[in-house]
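In each ligand, atom 1 is the first atom listed, and ligand 1 is the first ligand listed.
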Amino acid sequence: MKVNGQHFRTIWLKPDDETVVQLIDQRFLPHRFVIEDVRSVEQMATAIREMHVRGAGLIGASAGYGMYLAAIEATARSTPVGVDEQLARAAAQLKATRPTRSIADEDAEHCRMIGQHGLELIRQLARKKAGKFAMANPSGGGPINVLTHCNAGWLAFVDYGSATAPIYAAHDSGLPVHVWVAETRPRNQGSKLTAWELGEHRVPHTIIADSAAGHLMQRSAVDLVIVGTDRTTVTGDVANKIGTYLKALAAKDNNVPFYVALPSSSFDWKLRDGLKEIPIEERSAEEVKQADGWFEGQQVEVRVAPERSPAANYGFDVTPGHLVTGLITERGVCEANEKSIRALFPEQAL
Ligand code: MRU
């Protein structure tokens with residue numbers, strides 16, 4: 001997608017030296033656009049653990065590039081340790097970085113297809129909305145207001161994103177869209193990353209506090225919610241960034257369609273009960289007690305809570321399938337239940 005008018009992916013091989021992987025270091029966004037050179041599997045593990053790269057799809061892709069670097073190192077070193085053994089070690093090292101990695105090996109083409117299927121949904125809603133408002137306002141119903149949470153944008157994948165792919169497809173096809181961007185405390189992936197990438201692509205958007213979503217839905221200011229997922233059960237439960245579940249509840253109460261966009265690699269075909277079976281990442285309490293920002297040309301952290309108060313920092317929550325209107329995948333849209341999911345992916349044996 002576009003950065004300052006130029007096309008970028010989130011990760012790529014350095015054009016003049018293919019032993020080096022380059023990635024956008026997302027810790028500095030939206031304040032600075034920094035490209036990091038990664039030369040070893042250790043460096044890649046650090047980049048994942050310390051969230052230079054993040055988002056399930058991009059974590060998967062980065063781990064893949066990490067294995068590529070490990071293979072280069074292993075073949076370059078003529079040590080008695082076998083190449084296979086060195087690669088197995090590298091795989092274990094990457095696996096230990098963040099728990100969502102193992103389900104994420106998305107590719108840009110799947111995200112592009114998600115965009116096309118999601119675009120159809122947005123078109124239908126736009127037609128419905130224009131029809132509803134035709135008497136009162138002959139110019140139509142205005143833009144489709146999409147609410148999203150966290151960053152399931154191109155920065156979380158390799159290109160296009162999952163939740164943002166339909167938004168970009170609609171915007172690029174001339175269909176007016178406006179996005180409510182939930183800030184997504186404590187790390188603010190919404191206000192920092194989603195807002196930045198939408199802005200770079202010139203998509204109209206407004207940042208809101210996480211707690212404002214229900215209020216907007218009650219006032220009919222949200223036509224549709226689209227979020228991503230880090231891990232999805234075969235029964236349609238989705239684990240996504242903490243706060244997603246509350247948005248799904250508010251959407252249900254206000255009859256707002258709540259869609260989850262995902263490449264099929266986010267399905268875990270063995271899981272049936274998201275609440276019981278999906279481990280939830282617990283991160284440092286300091287992330288909740290502090291906020292970071294840009295001050296006089298530097299990234300600074302400030303304390304926003306009493307120093308001695310304990311804090312808990314859950315990274316994800318699980319939204320049960322019955323709260324999800326539909327899943328937008330690279331093959332099309334299905335309901336968030338086993339029958340519908342299996343009908344779309346019949347090759348996945350029981
Ligand atoms: O920034 P992260 O890696 O902790 O956040 C994970 C996510 O990107 C979100 O949960 C996103 O909505 C899922 S889409 C890959």
Side-chain angles (χ1 to χ4, degrees), residues 10-11 23-27 29-30 47-63 97-108 110-111 114-115 118 146-167 179 181-198 210 213 225-232 237-248 258-268 274 278-284 287-288 292 313-319 324 327-330:
T10 46
I11 190 163
L23 50 87
I24 299 172
D25 187 340
Q26 300 187 21
R27 291 171 304 165
L29 290 175
I48 297 172
R49 194 180 320 104
E50 295 181 2
M51 295 178 75
H52 309 195
V53 287
R54 24 71 49 206
L58 179 55
I59 292 172
S62 304
T97 50
R98 293 188 67 202
T100 52
R101 189 196 72 74
S102 55
I103 44 81
D105 56 356
E106 320 301 345
D107 65 59
H110 280 187
C111 287
I114 288 169
V146 184
L147 186 140
T148 193
H149 184 63
C150 193
N151 176 257
W154 70 270
L155 289 171
F157 289 88
V158 175
D159 213 345
Y160 304 101
S162 58
T164 52
I167 295 167
V179 187
V181 179
E183 62 175 347
T184 320
R185 277 284 291 153
R187 290 187 68 96
N188 296 315
Q189 289 96 328
S191 55
K192 285 181 177 172
L193 304 178
T194 304
W196 178 80
E197 57 163 274
L198 291 173
D210 288 319
V225 180
I226 312 181
V227 296
T229 167
D230 293 85
R231 203 162 176 187
T232 314
D237 299 342
V238 296
N240 193 48
K241 182 54 59 190
I242 194 82
T244 303
Y245 171 55
L246 288 178
K247 288 176 175 71
F258 183 95
Y259 282 93
V260 179
L262 63 145
S264 58
S265 53
S266 120
F267 281 114
D268 193 322
I278 298 180
I280 299 297
E281 178 183 18
E282 286 188 46
R283 299 183 57 82
S284 152
E287 287 183 353
V288 174
D292 68 71
N313 186 6
Y314 304 102
F316 298 89
D317 60 26
V318 173
T319 300
V324 177
L327 303 174
I328 312 172
T329 76
E330 71 274 13

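- Only the backbone of N151 comes within 4.0 Å of ligand 1, judged by heavy-atom distances.
- Some N or O of G55 is nearer than 3.5 Å to an N or O of ligand 1, by distance alone.
- Under the 4.0 angstrom criterion for non-hydrogen atoms, D230 is in contact with ligand 1.
- For ligand 1, none of its N or O atoms has an N or O atom of T229 under 3.5 Å away.
- Counting heavy atoms closer than 4.0 Å to ligand 1, residue E281 contributes nothing at all.
- Residues E281 and R283 are paired through a salt bridge, judged by an N-O separation under 4.0 Å between the basic side chain and the carboxylate.
- One distance of note links CD of E330 with CG of L262; it measures 7.5 Å at 0.5 Å rounding.
- Residue nearest to atom 14 (S) of ligand 1, selected from G190, P263, A152, G57: A152 (by heavy-atom distance).
- Between D268 and R231 there is a salt bridge, with a side-chain nitrogen of the basic residue lying less than 4.0 Å from a carboxylate oxygen of the acidic one.
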*Decide side chain to side chain contact (heavy atoms under 4.5 Å, CB included) for S62 and I11; before the verdict, give the C-alpha distance in whole Å, the side-chain angles of both, and the deciding distance to 0.1 Å.*
CA-CA 7 Å; S62 304; I11 190 163; 3.7 Å; yes
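- Between R54, Q26, K192, it is R54 that holds the heavy atom closest to atom 1 (O) of ligand 1.
- The main-chain N or O of L193 is never found under 3.5 Å from a side-chain atom of Q26 such that the two would form a donor-acceptor pair.
- Residue-level proximity to ligand 1 for Q189 is carried by the side chain, the only part with a heavy atom below 4.0 angstrom.
- Between the side chains of T194 and N151, at least one donor N or O lies within less than 3.5 Å of an accepting N or O.
- Each of the following atoms of ligand 1 lies closer than 4.0 Å to a heavy atom of M51: 1 (O), 2 (P), 4 (O).
- Proximity annotation for atom 5 (O) of ligand 1: of R231, R283, K241, K241 comes nearest, heavy atoms only.
- In terms of modelled atom types and a separation under 3.5 Å, the side chain of E287 and the main chain of N313 share no donor-acceptor contact.
- Using a 4.0 Å cut-off between heavy atoms, C150 contacts ligand 1 through its side chain alone, with no backbone atom that close.
- Ionic pairing of K247 and D317 is not present here: no N-O contact between side-chain nitrogen and carboxylate oxygen is shorter than 4.0 angstrom.
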